[in-house]
Amino acid sequence: MTEEKLQALLQEALARAGAEAGEGEAEFTVPPDASHGDLTTNAALVFAKKLGADPRKLAGDIARALRGAPGTTAVDVAGPGFVNVRLADEVILNAITEALRRGDDYGRSELGRGAKVQVEFVSANPTGPLNAVNARAAAYGDALARLLEFTGYDVEREFYVCNVGTQMDLLGRSVRARLLELLGETGEQAEIPEGGYRGEYVKTIANALYEQGKISAEDGHEKIGQAAAEEILAGQKRDLEDFRVRFDNWFYEDLLYRENKIPKTLDILASRGTSYEKDGALWLRTAAAGDDEDRVVVRADGRPTYFLTDIAYHLDKYERGFAKVVDVLGPDHYGHVKKLQAMATLLALPGGWLEVIISQQVNLLEGGEKVKMSKRAGALVTMREVMDDIGVDAARFFFLMRSPSSHLDFDFELARMQTPENPVYYAQYCHARVESIKGEAGEEWAAAPPEKADLGELDLPEERSMARAIWEFPKAVEAAATRREPHRLTTYATGLAALFHNYYHHHRVLQAPTAAKAQARLALARAVGQTVKNALRLLGVSAPSRM
RNA sequence: GCGCCCGUAGCUCAGCCGGAUAGAGCAGCGGCCUUCUAAGCCGCCGGCCGCAGGUUCGAGUCCUGCCGGGCGCGCCA
């Protein structure tokens, strides 16, 4: 309410000064330093240049326009021309009431207006167990999906299963080789093919499938590969579920073939005049759409490339009616980004429809020593090992602390050692502590409606800081969602937890000087607990009541 | 060679699409448990934001060029 009013007043002031402020050009932000107020705008600095005016003077004009607005207590010009607004305590403290009233929905918004959005992530080949890189993508994609849901989008989580092609072929041959080896054969057939899968799990699967009677030595590699892929995929699903990641849709690549999507896609490409033949192959004019060069979609021998199935896949997504699609790809797909965007341009898909995010690599360290991550190298650290070793909560939090674009060093030894000091426990403990206080307070009191407390009793600076942080939460959620950066919430959660832990050690909640104060403090504590819980939930991290 | 990502405290990373004295965790040093959980709190130490230019009122943030680390560049997926 107050903020909308301020925004309107700011626009008016700028208009009076002769400036046209477009959407998002003149905005208020929350200064990190509370001594600069609760809301600040640099509009005077931005527009002074355009108007050829003195920034301090323009700031003064803006400040005059804002001064006295309901819900504010001070409007000042500071520094080179910032306009700082301090909100009335009631406005800030009201966030406590809001948080308690809305509960698990505190921070939820209608930003997305129900638009259908798809987030595709992990999408590993069914040729081996999920590894730590997949785990990071899983944590990221799921958190992003949660954020988008929470900000009013209709979100679908999709996993693309590449169950066609060379890698499947190699899997079948590899498993068959291990099977023959198990049965005592020594010939060429019992050798893992060039580029095949050498991991221990291949033996395990060959053995298991054989004992279940699902495969035999007489079976060809196609049948064996299919059986193995099913087994592996089932394992991936289990891993993901235990990691608290659930997909709405598992899209099998072979569906594109079964539904004849490939020739249809070729027709579309041809009709748009975006493809041409050269050297017996069919090429797409991706260079004309921002890619470095044109790309082959059908090889000279008639087989489609992976790129072509990818185009068919994305056309399918478009036909399914998503207003926006986010692809979370692994670091090994970096080379795809340009191709995919070029494809979107060539197909005249709406601008910004396809968003590609690379979830960067994970350098796994064990006591400072690098662990090889390549699937084909055989030695790998699985998602399962990560979970079992440091726990789902800590793992998810750890993966989400960094921005997706930066490489991540994940030292197991360190993660294990740090466990007691891990930021995730710090944030969780904040929630547990509030629950503990509620338990001590007794059921009736702890569940009292926030309206019963006189929040005006909260007159300590620390109390206002916490209320301000709670007030800021919806903005933090919005920023994290809009910028696709869940890691902002890890920072937020630990920040709020720090404020509370500090407060806890200096002031008594229940044994406050007066009963009225105690009630107000309890409401504040409950609001903190609720907000931390909401932040953690968006990250897919649990908020235990006892630790 | 071309392209992308990253260089911020001893270590791992934040830094809100140019803003006000650059933050946190860990590590190190020193304090704090008769209290609603010490998985906590308080204090100290610690930074030519890789280097050099440029853009402007203002640069860790944007541009250019180097240096260093990583990754991607196939009629593979």
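All values below come from the heavy atoms of this structure, side chains included, with hydrogens, waters and symmetry mates left out. Per chain, numbering begins at 1; letters A, B, ... match sequence-line order.
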Side-chain donor or acceptor of [X] paired with backbone N/O of [Y] under 3.5 Å:
X: A:Thr127; Y: A:Leu171; answer: no
X: A:Arg56; Y: A:Gly79; answer: yes
X: A:His506; Y: A:Asn502; answer: yes

Between [M] and [N] - [atom1] atom distance, rounded Å:
N: B:rG25; M: B:rG40; atom1: C1'; result: 15 Å
N: B:rC63; M: B:rA22; atom1: P; result: 24 Å
N: B:rG53; M: B:rA59; atom1: P; result: 14 Å
N: B:rC2; M: B:rU61; atom1: P; result: 24 Å
N: B:rG65; M: B:rG15; atom1: P; result: 26 Å
N: B:rC4; M: B:rA9; atom1: P; result: 26 Å
N: B:rA52; M: B:rC48; atom1: C1'; result: 12 Å
N: B:rC76; M: B:rG19; atom1: C1'; result: 48 Å

With respect to the side chain of [X], which nucleotide from [options] is positioned closest?
X: A:Thr491; options: B:rA14, B:rC42, B:rC76; answer: B:rA14
X: A:Ser406; options: B:rG19, B:rA14, B:rC41; answer: B:rA14
X: A:Ala78; options: B:rC76, B:rA20, B:rC41; answer: B:rA20
X: A:Tyr426; options: B:rG40, B:rA14, B:rC6; answer: B:rG40
X: A:Asp33; options: B:rA38, B:rC13, B:rU21; answer: B:rU21

- Query: Between the base of B:rA20 and the side chain of A:Asn42, is there a donor-acceptor distance below 3.5 Å?
  - Reply: no

- Task: Measure distances between side-chain N and O atoms of A:His501 and base N and O atoms of B:rA39, and say whether any donor-acceptor pair falls under 3.5 Å.
- Result: no

Need one value for [X]: base, sugar-phosphate or nothing, where a base atom within 4.0 Å counts as base even if backbone is also close, heavy atoms only.
X: A:Tyr504; result: base
X: A:Pro55; result: nothing
X: A:Asn84; result: base
X: A:Arg546; result: base
X: A:Ala48; result: nothing
X: A:His506; result: sugar-phosphate
X: A:His431; result: nothing

- Query: For the residue pair A:Ala395 and A:Ile390, what are the closest heavy atoms and their distance?
  - Reply: CA-CD1, 3.7 Å

- Give the minimum heavy-atom separation between A:Arg521 and A:Pro513, together with the two atoms involved. NH1-CD, 4.1 Å

- Which residue lies more 5' along RNA chain B, comparing A:Glu485 with A:Thr40 via nearest heavy atoms: A:Glu485

- Item | 5' precedence on RNA chain B between A:His333 and A:Leu408 (nearest-nucleotide basis) | A:Leu408

[X] side chain near [N] phosphate (N/O to OP1/OP2, under 4.0 Å):
X: A:Tyr492; N: B:rG23; result: no
X: A:Arg299; N: B:rA77; result: yes
X: A:Arg433; N: B:rA38; result: yes
X: A:Ser405; N: B:rC4; result: no
X: A:Ser403; N: B:rA14; result: yes

Roughly, in whole Å, what's the span from [atom1] in [X] to [atom2] in [N]?
X: A:Arg295; N: B:rC75; atom1: CZ; atom2: C1'; result: 12 Å
X: A:Asp291; N: B:rC4; atom1: CG; atom2: C1'; result: 13 Å
X: A:Leu45; N: B:rA20; atom1: CG; atom2: P; result: 11 Å

- Per the O4'-C1'-N9-C4 / O4'-C1'-N1-C2 angle with a 90° window around 0, B:rC33 comes out syn

- Flag as yes if A:His36 stacks onto the base of B:rA20 (centroids under 5.5 Å, planes under 30°), otherwise no. yes

- Message: Go through it in stages, so that I can follow the logic: the residues are A:Tyr313 and A:Glu253, the test is side-chain hydrogen bond (donor to acceptor under 3.5 Å, both in side chains), and I'd like the CA-CA distance, side-chain angles, deciding distance and then a yes or no.
- Response: CA-CA 8 Å; A:Tyr313 176 44; A:Glu253 184 180 357; over 6 Å; no

- Item | Pairing of A:Glu443 and A:Lys438 as salt bridge, 4.0 angstrom limit | no

